[in-house]
Number of protein chains: 2
Amino acid sequence: MAGQKVQRQTGVALWRQIADRIRTSINHGDFDESGMVPPETTLALQFGVNRHTIRSALAALAQEGIVRAVQGRGTLIERKERLSFPISKRTRFSQGIGDQVRETRSVLLATSDETASAEVARYLKIKTGTPLVRLETLGQADHRPVSRATSWFPADRFGNIAEIYRSTGSITKAFRELGVPDYVRVVTEITATHADESDLADLQLSPGAIVLITQALNTDLDNVPVQYSISRFAADRVRFTIEN
Amino acid sequence: MAGQKVQRQTGVALWRQIADRIRTSINHGDFDESGMVPPETTLALQFGVNRHTIRSALAALAQEGIVRAVQGRGTLIERKERLSFPISKRTRFSQGIGDQVRETRSVLLATSDETASAEVARYLKIKTGTPLVRLETLGQADHRPVSRATSWFPADRFGNIAEIYRSTGSITKAFRELGVPDYVRVVTEITATHADESDLADLQLSPGAIVLITQALNTDLDNVPVQYSISRFAADRVRFTIEN
DNA sequence: CTTAAATGTCTATTGATATAGACAACTATA
DNA sequence: TATAGTTGTCTATATCAATAGACATTTAAG
């Protein structure tokens, strides 16, 4: 980890850039041997900034609960995180990361009845204006928010999916109760952008943070579209893995 | 687009937060009717900031070539684009986006002989220290840089792949000449981060921009790893598509 | 030709960001 | 119990980020 450069006058404060880099290094396991972040003076030298700037960065990470400074000893690593999300024919939230965390949970934020917009209709292969059920859900891993998703389901087949989901916390189980024993991921599109206001709130991010966005279509085993969803992931907490 | 909030004292300047939001709105097609961004005074009111702060944001977008301000008229939208990259068993740079642009090109930036680091060795399933060939390439679409990639190949099989690639501009053709008639993408990992200094230069980005990073492994038809590569894409120019 | 509406430029002021240096307080260890 | 190494706190200074206001310049439309 030699000769790291930071960019000045970009509208992103140095302490924030450095905090992001250190968080990434921690997640990458760079400091696993010692379990500590390098001393402030060392980091200041590496990043080519003043020690006080490093202290601002570490203070931000301490605020996130990722490190804890102990006077006289050093700055200890409290927590690491970057979950690996497999994307495949059988992509499901909790199954994919279940072995990486102690607890996964899915929370229903909101639901509403809608009619299909042009975009959603195109994906679900239905007519614009067809009745739909919309679900806003929040995915959590060990009580930390990881993703927020908006999903649309055809109302004729899944009119009361919200209630079932609310009680079971699982799309897979809700589908099963509604006569869809299994479903497959047909297509996933991935983009990245800066976090918007809702992301900041729901995913507990700070401005300038990055979100990875997936747009995905699931069909039942007869190739009939059953769910179209747009999910937004905190980019510094996840990694996508596509196995072919 | 009413009542937008920006967050203060987070290490991310207001003008950058606002620039990111406007860029997103443009890509989302919010201003397609007029082809212009709303007037500075309107935006200042919407975001709850001073007009000069809006001007800083628009100046940044103008620097990126996304908008162009015309005195007396308004601020015109110059460009919105996002290429779709399919990721599948048969992922190749030029084939995937060939139908979306007039011309794709791949340029060899640098090459060197190396020995395998622990990380690369793990992917290629070889021993640390095994001789490798490293290729740095730049992918362009219609003369705009889209991705920069670093690839490693086992030197014993592909010792002179650099020369062949330089003359053909194609990994696929180089493989073919070296006795690998076909190859498949085994695994792709996707993450996102802020652009570093090299990204800014090679991909012609402005500071604070986002890059999508893929780490991918290709094997020949006998399942022997032939190429491990790390690619960095300008996030505002691409979208990944995974078909299952 | 006027005028309204938009961007361009300038000055001034305040708060956040970053650097610089000095020294205090604490921890582990020789 | 010294001592080296580390984090904590303080003062001072310079630059960037943001606000505020005034006015110039350009464009399009009445």
Side-chain angles (χ1 to χ4, degrees), chain A residues 4-22 26 31 33-63 65-78 194 206-208, chain B residues 4-22 26 31 33-63 65-78 194 206-208:
Chain A
Q4 313 231 6
K5 280 176 197 157
V6 280
Q7 300 159 357
R8 290 157 194 265
Q9 297 171 21
T10 62
V12 181
L14 295 184
W15 64 262
R16 175 144 291 287
Q17 295 183 49
I18 291 168
D20 292 341
R21 296 255 205 118
I22 295 175
I26 291 173
F31 313 128
E33 286 185 25
S34 61
M36 304 174 66
V37 169
E40 293 169 354
T41 48
T42 306
L43 290 170
L45 209 64
Q46 283 178 348
F47 284 104
V49 301
N50 191 275
R51 178 176 157 234
H52 294 293
T53 308
I54 297 290
R55 284 180 62 75
S56 297
L58 291 176
L61 294 178
Q63 185 66 28
I66 292 175
V67 300
R68 178 170 54 91
V70 179
Q71 187 171 145
R73 289 184 61 193
T75 303
L76 284 60
I77 294 169
E78 291 279 273
H194 289 94
S206 39
Chain B
Q4 314 229 6
K5 277 181 203 152
V6 279
Q7 302 200 353
R8 288 155 198 262
Q9 298 172 27
T10 60
V12 182
L14 296 183
W15 65 263
R16 174 143 294 284
Q17 294 183 49
I18 292 169
D20 294 339
R21 297 255 203 115
I22 295 175
I26 290 173
F31 312 129
E33 286 185 26
S34 60
M36 303 173 68
V37 168
E40 293 168 354
T41 49
T42 306
L43 290 171
L45 209 65
Q46 284 179 348
F47 283 104
V49 300
N50 191 275
R51 178 177 157 234
H52 294 293
T53 308
I54 297 290
R55 284 180 62 75
S56 297
L58 291 177
L61 294 178
Q63 185 65 29
I66 291 175
V67 300
R68 179 170 52 91
V70 179
Q71 187 170 158
R73 289 184 62 192
T75 302
L76 283 59
I77 294 169
E78 289 281 274
H194 288 97
S206 42

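Proteins come first, then strands; the chains are lettered A, B, ... in the order of their sequence lines, and each starts at number 1. For the numbers below, each heavy atom of this structure counts, side chains included, while hydrogens, waters and symmetry mates do not. Keep in mind the model is a prediction, meaning the values are calculated, not measured.
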Worksheet, complete the sentence: All heavy atoms of R51(A) vs all of T41(A), minimum pair found to be CD-CG2, 4.1 Å

Worksheet item: Which heavy atom of E78(B) sits nearest a heavy atom of V67(B), and at what distance?
Response: CG-C, 3.8 Å

Worksheet item: For the pair made of CD1 in I18(A) and C1' in dA18(C), what is the distance, rounded to whole Å?
Response: 10 Å

Item to complete: Using a 4.0 Å heavy-atom cut-off across all strands, classify T75(B) as base, sugar-phosphate, or nothing.
Response: sugar-phosphate

Worksheet entry | Spacing of R16(A) atom CZ relative to dA18(C) atom C1', expressed in whole Å | 16 Å

Practice prompt. Apply side-chain contact (heavy atoms from CB on, under 4.5 Å) to V70(B) and R68(B), showing your working.
Written response: CA-CA 7 Å; V70(B) 179; R68(B) 179 170 52 91; 3.7 Å; yes

Discussion item. Is the shortest side-chain heavy-atom distance between N50(A) and T53(A) below 4.5 Å?
Written reply: yes

Discussion item. Within this structure, what is the CG-CE distance for the pair L76(A) and M36(A), rounded to the nearest 0.5 Å?
Written reply: 5.0 Å

Worksheet item: V49(A) side chain: which of dA18(D), dT19(C), dG8(D) is closest?
Response: dT19(C)

Fill in: Nearest-nucleotide comparison on DNA chain C, the residue closer to the 5′ end among V37(B) and S56(A)
V37(B)

Worksheet item: Nearest-Å distance, CG (L43(A)) to P (dT19(C))?
Response: 14 Å

Worksheet item: Choosing from dA20(D), dT9(C), dC10(D), which nucleotide comes nearest the side chain of H52(A)?
Response: dC10(D)

Fill in: Between dT7(D) (P) and L58(A) (CG): distance, integer Å
8 Å

Item to complete: Could you state the atom-to-atom distance from CG of L76(B) to P of dT27(D) in whole Å?
Response: 12 Å

Item to complete: Please report the shortest heavy-atom distance between F31(B) and I77(B), naming the atom on each side.
Response: CB-CD1, 3.6 Å

Response to the item:
Of the candidates dA18(C), dA18(D), dT27(D), the side chain of L14(A) sits closest to dA18(C)

Protein-nucleic acid N or O pairs under 3.5 Å, nucleotides 23-25 of chain C:
| from | atom 1 | to | atom 2 | distance (Å) |
| --- | --- | --- | --- | --- |
| dA25(C) | N3 | Q71(A) | OE1 | 3.0 |

Response to the item:
Quick note, A69(B) side chain, CB onward, closest among dG8(C), dG8(D), dT19(C) is dG8(C)

Fill in: Heavy-atom pair with the smallest gap, counting every atom of W15(B) and A57(B)
O-CB, 3.3 Å

Worksheet entry | Gap between atoms CH2 and P, on W15(A) and dC16(D) respectively (whole Å) | 19 Å

Response to the item:
N50(A) atom CG is separated from dA14(D) atom C1', nearest whole Å, by 13 Å

Worksheet item: For R68(B) and dG8(C), what is the distance between atoms CZ and P respectively, to the nearest whole Å?
Response: 11 Å

Item to complete: Look at R73(B) and dT26(D) and indicate whether a side-chain polar atom (N or O) is within less than 4.0 Å of OP1 or OP2.
Response: no

Worksheet item: Under 4.0 Å: is that the gap between some side-chain N or O of R55(A) and OP1 or OP2 of dG8(D)?
Response: yes

